[in-house]
Amino acid sequence: MTPHHATPSVYFDNAATTPLDPEVLDAMLPFLKEHFGNPSSIHGHGRKVRAAIENARKTIAHLIGAAPAEISFTSGGTEADNYAAFGSIRTLGLKHAITSKLEHHAVLHTLEALEKLGEIELSFVRFDEQGKLDLEHLDELLGTHTRSFVSLMHANNEIGNLNDIEAIGQLCRQHGAIFHTDTVQTMGHYRHDVRQLQNHFLVGSAHKFHGPKGSGFLYTASGLQVQPLIHGGAQERNVRAGTENVYGIVGLAKALEIAYRDMAEHQRYIQGLKDRFIEKLRAEIEDVQFNGLSADAEQSLYTVLSVSLPPSEFNEMLLFNLDINRVSASGGSACTSGSNIGSHVLTALGCDPQRGAVRFSMSKYNTAEEVDYAVEQLAKMYRPQIARMH
Ligand code: PLP
């Protein structure tokens, strides 16, 4: 059912990755076919490619209100998160970090690694049963150390909750803390302006907004110089050595440009799909619920809907059954704490182990028909069960 494939199939896993936009591919192709020079070479072949990288840097900087020198290219969101954490903690000698158990593993495991190395003390901000962060607790935690590193995401990749990063940033400024926000799920979906946010770090990953995989960036506020994690040549101002992923960088900038250009239209369209999903699920499945703030249009990412399904024999095979019916979604059983297959986010929220969980995440390429089809597949599983119970 997606426009790209002959075999009907429905892709609702856009928070995991998105299909490449053909316009992005067109921008990348000359750098795969013709312009092969090494950007560090000073001859014509190299200069041509260097210019493309610096143009991409300028494009991204302009879109987020930064200076080009504040943008470093990385292999994606995970590496950028690692740079923000390792880089600033080590460079500034910070001894305390604050995050939440709802963060992506790219942040959580990175800070846990620093804690294990004995470099920091790690604190976790409390949140309520819907995953709303307790900012009074954050204020308290910030008061325990002279200067902390704070990493709290803009939007949660599993439940879609949007955190108030302006308010968090303000608290961090009051306490002189360094503030990193993982914007992997919102970059290209919301307008970010670092002049307004005034945070220290921000990240983007191209494959989450119809760009290529393996290409991302880190924004580092001027005045902060992070230490390299990868040592070698002088690329990326000595911070990130290695020959640049040229076509990835070109694709990243093009994808972000398109995302900003069409943002209002796509936001309206995708929010419409999400509203339809919620409405149809409520009509078709008794006792359907939504995890976190997922069903709240004001407080959640418009691309993500995290569905909580009633206790059923189908819950264990939920994603498998959807897959058999050609619907790609994700989720992971909710309460399998101690195992790697469960969702650490749903587990941290204290979810009901009897209920099923599935995340549908949408993009500009999805259609209303696909929403109806996916709901119908779920209804086929859950309708007879409900009927039997009555
Ligand atoms: N942070 C968040 C919130 C994410 O959703 C993801 C990807 O799923 C990442 C970080 C990691 O990004 P990447 O796949 O580019 O390494």
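Because only heavy atoms are used, hydrogens play no part in the values below, and waters and symmetry mates are left out as well, while side chains stay in. This structure is a prediction, so every number in the text was calculated from the model and none was measured. Just follow the structure's listing: the first ligand is 1, and inside any ligand the first atom is 1.
Close contacts of ligand 1 with Met153, meaning ligand atoms under 4.0 Å from a residue heavy atom, involve 3 (C). Close approach to Gly76 involves these atoms of ligand 1, each under 4.0 Å from a residue heavy atom: 15 (O).
The aromatic rings of Tyr365 and His210 sit perpendicular, their planes meeting at an angle over 60°, well past the 30° parallel limit. Relative orientation of the Phe209 and His189 rings is perpendicular, given thresholds of 30° and 60° on the angle between their planes. The aromatic rings of His192 and His154 sit perpendicular, their planes meeting at an angle over 60°, well past the 30° parallel limit. Note on ring orientation: taking the six-membered ring where Trp is involved, the planes of His105 and His109 are parallel (angle under 30°, cut-offs 30° and 60°).
If you check which protein heavy atom lies closest to atom 5 (O) of ligand 1, you get Gln185 NE2, 2.8 Å. Looking only at heavy atoms of the protein, atom 13 (P) of ligand 1 is closest to Gly77 N, 3.5 Å. Protein heavy atom at the shortest distance from atom 11 (C) of ligand 1 is Thr78 OG1, 3.3 Å. Protein heavy atom at the shortest distance from atom 1 (N) of ligand 1 is Asp182 OD2, 2.6 Å. Looking only at protein heavy atoms, the nearest one to atom 14 (O) of ligand 1 is His207 NE2, 3.0 Å. In this structure, atom 4 (C) of ligand 1 lies nearest to the protein heavy atom His104 CD2, 3.2 Å. Remark: minimum distance from atom 15 (O) of ligand 1 to any protein heavy atom is reached at Ser205 OG, 2.5 Å.
Proximity of Val107 to ligand 1, defined as any heavy-atom pair under 4.0 Å, is not found for any part of the residue. Here Lys208 has side-chain heavy atoms under 4.0 Å from ligand 1, and that is the only part of it that gets that close.
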Applying side chain to side chain contact (heavy atoms under 4.5 Å, CB included), run through Gln185 and Leu301 and close with a yes or a no.
-> CA-CA 8 Å; Gln185 289 293 339; Leu301 191 53; 3.8 Å; yes
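By the 4.0 Å N-to-carboxylate-O rule, Glu119 lies close enough to Arg90 to be salt-bridged with it. Here Glu376 pairs with Arg383 in a salt bridge; the nearest charged N to carboxylate O distance falls below 4.0 Å.
Annotation: cation-pi geometry not satisfied between Lys132 and Phe127 (NZ/CZ under 6.0 angstrom from ring centroid, within 45° of ring axis).
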